[in-house]
**Student:** 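Questions regarding the structure given below will be posed in turn.
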Amino acid sequence: MATTEKNYGPLFDVDGFSVIEQDDGVPFRARNAHMHRTWARTYTSLPELYIQPESQAEIEKLVNLARRHRRRVTTTGSGHSPSDMTCTSSWLVNLDNFSKVFSIDKETGICSMQAGIRLHQLSAELAAVGLSLPSLGSINEQSIAGAISTGTHGSSIHHGLVSESILALKITLADGHTYSCSPVDNPDLFRAALLSVGALGIITEVTFKAVPAFSLAWDQAIDADARLFEQWDTTLWTQGDFVRIWWFPYMRRAAVWKADVVPQSDIDSGKVAHRDPPKSFCESRLGYFVYHNLLALARWVPCITPFVEWFVFGLQYGFRNGDRTRVSAVQPSQQAFLLDCLYSQFVNEWAIPLHRGPEALKRLGAWLQGLKPGDVGYVDHGIPFSSKGLYVHSPIEVRASNSNVHTSAAANNRPFLDPSPKDGPALYLNATMYRPYHRDPTYEATKRYYEGFEWLMRDLGGRPHWAKTFSVAPEEFAAWYGDDFASFRRVRDAVDPNGLFVGPWHRRYLLGSTLPVNNVLERLPLEEVGFVTEPAGRSGGLLVRGAQSIVVPN
């Protein structure tokens, strides 16, 4: 198909007022001159319009206007993903003012809400009536729609993705209409929307099943990683209702956190009392800045990184192993799940089969430490990249989940793009590189670390977490997900054939760059085309500018 590029021009007059028609009585709450940054400031973008709707009618209106004015629509919440998924030079929609709870049934736990509500707001609303989310990730800043759309998971082999508790959704599609979906009502749309990466439409309403409020009695202790490997297939992941691990490859030690559910009745009766843990070193103001400045120094002198990690680990957790390092607490679940992410960071996270965890950590540790035959802990890692001169940050977060407990493809409530295995629990490995004072670690270090890490994850049958940093071609996803990937693409192409919700991130990872016979890259008519990136200056990271020219038929 022959195409030409057409730019439809600005939507504001010289005084900065919107020139979009607003004669139907429905507000269009848009402004320009907004700067959008990811939480970690890894990416910054300058959308043409920043829109914060407050009603369903406003969402439908903005979608219809975007289609009419040939603008792409992107939705963002906290921007916690370190990728450029939420970046755009076109229209950016934020649902923070679309966050009402419609109903909560304390007896059944069923609640419905507008999709912009943040998880911490939802947790507070539920706690007020004696309910709770059954599982959470390490942060609660995401909107419920964002947590669903990116595959957020917790830390338990008894739970899978956060979306497994979703009973029904409403989503506004590219035609400007809002559709309901559930396991029995539009089930394919439901399974696609449960992990949509923003490629289908705007999720507007969520029906969710909460559980009776509970607290968590947790403790954490330090041990050698050899002990982890000994217990891996027996008690490690069953010792508590929730378990997560922070692994430090240079020290070959780990912090193991385990938590058990305490019913609210035990708290109310006084049988068990809430108590917070002692404040750790990194949680103190001094510790925060000491570690931050040491990380900044290590940008210039990378070889001190293992010493920095050893020193801060000892101050944070202790320099010895065993029970003397144990700390404990009893906290409301919505508090106990949370983890302070500390500093701006790149995050590369993959899901592999749980049983391959010891192999993954042993091989990764041998590679990072440059171990040779005869060295303690040596295994043949097989990673075809040199680790010489490579120094990385700790810890690697190790968490398990299981999408086969509460969800199943047969019940039509498992996302097509769920990265975890279909035949057993998943192990999520999270490789973090900090950006002290929003300054990137050396490009070569990050590139080589993530090349080696991703090679190993592929070799172990892994798939990446959709919200994190990764380098995977659509052809790989198609091979890994098989019929599920084809089903997702079929739904996406049907509900948004012109690419109103498609941008460079989706082209890069979902749609691919297949060339037609005339060797001209096919683009969807409303698709936002490639980004131009440049340093963002003092704010750090990259400033991305979309080439907002729209491809239309001659």
Side-chain angles (χ1 to χ4, degrees), residues 75 81 83 85 115 144-153 159-174 179-203 206-208 349-353 401-426 428 461-468 470 472-497 499-503 505-512 524:
T75 308
S81 170
S83 77
M85 179 188 292
I144 186 69
I148 295 167
S149 297
T150 55
T152 297
H153 62 91
H159 300 276
L161 303 182
V162 169
S163 64
E164 70 185 7
S165 297
I166 304 298
L167 302 179
L169 295 172
K170 288 185 179 180
I171 182 170
T172 302
L173 300 179
Y179 298 84
S180 298
C181 57
S182 70
V184 296
D185 180 16
N186 289 329
D188 281 357
L189 178 61
F190 183 66
R191 292 185 63 194
L194 281 178
L195 206 167
S196 69
V197 292
L200 301 183
I202 301 176
I203 295 173
V206 176
T207 301
F208 188 93
E349 181 176 347
W350 288 56
I352 63 173
S401 74
N402 192 351
S403 290
N404 302 287
V405 177
H406 299 289
T407 65
S408 70
N412 288 323
N413 61 352
R414 181 170 182 165
F416 288 126
L417 297 185
D418 184 347
S420 60
K422 288 187 174 181
D423 56 356
Y428 285 89
R463 297 188 286 198
H465 188 305
W466 289 99
K468 306 303 172 63
F470 56 83
V472 178
E475 294 76 17
E476 289 183 282
F477 281 128
W480 294 340
Y481 283 89
D483 290 343
D484 282 345
F485 190 81
S487 295
F488 178 86
R489 281 291 310 272
R490 184 179 66 251
V491 173
R492 203 228 68 78
D493 294 346
V495 300
D496 183 23
L500 182 73
F501 297 98
V502 171
W505 189 95
H506 303 102
R507 174 61 62 184
R508 192 159 65 240
Y509 298 120
L510 291 178
L511 305 184
L524 301 174

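Values below: all heavy atoms of this structure, side chains included; hydrogens, waters and symmetry mates excluded. Just so you know, these numbers come straight off a predicted model, no measurement behind them.
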**Student:** Ignoring hydrogens, what is the shortest heavy-atom contact between L200 and L189? Give both atom names and the distance.
**Tutor:** CD1-CD1, 4.4 Å

**Student:** Please enumerate all residues that pass salt bridge (charged side-chain N to carboxylate O under 4.0 Å, His left out) together with D484, with sequence neighbours excluded.
**Tutor:** R191, K422

**Student:** Please identify each residue that fulfils salt bridge (charged side-chain N to carboxylate O under 4.0 Å, His left out) with D493, with sequence neighbours left out.
**Tutor:** R489

**Student:** Which residues satisfy the ring pair (Phe, Tyr, Trp, His ring centres under 6.0 Å) test with Y179, sequence neighbours excluded?
**Tutor:** none

**Student:** To check you understand the geometry: which heavy-atom pair defines the closest contact between L524 and G499, and what is its length?
**Tutor:** CD1-CA, 3.6 Å

**Student:** What distance do K170 atom NZ and T207 atom OG1 have between them, rounded to the nearest 0.5 Å?
**Tutor:** 8.0 Å

**Student:** Side-chain contact, heavy-atom cut-off 4.5 Å: F190 with L169?
**Tutor:** yes

**Student:** Under the rule for ring pair (Phe, Tyr, Trp, His ring centres under 6.0 Å), what residues qualify as partners of F488, not counting sequence neighbours?
**Tutor:** none

**Student:** Measuring only between side-chain heavy atoms, which start at C-beta, is R414 closer than 4.5 Å to S420?
**Tutor:** yes

**Student:** Under the ring pair (Phe, Tyr, Trp, His ring centres under 6.0 Å) test, which residues partner F485, sequence neighbours left out?
**Tutor:** none

**Student:** Under a 4.5 Å cut-off applied to non-hydrogen side-chain atoms, are W466 and L510 in contact?
**Tutor:** yes

**Student:** Main chain of D496, side chain of R492: is a donor-acceptor contact present, judged purely on distance under 3.5 Å?
**Tutor:** yes

**Student:** Mind telling me whether F477 and Y481 have parallel, tilted or perpendicular rings, with 30° and 60° as the class edges?
**Tutor:** tilted

**Student:** To the nearest 0.5 angstrom, please state how far the CG atom of L195 sits from the OG1 atom of T152.
**Tutor:** 8.5 Å

**Student:** Checking H465 now: which residues fulfil ring pair (Phe, Tyr, Trp, His ring centres under 6.0 Å) with it, not counting sequence neighbours?
**Tutor:** H153

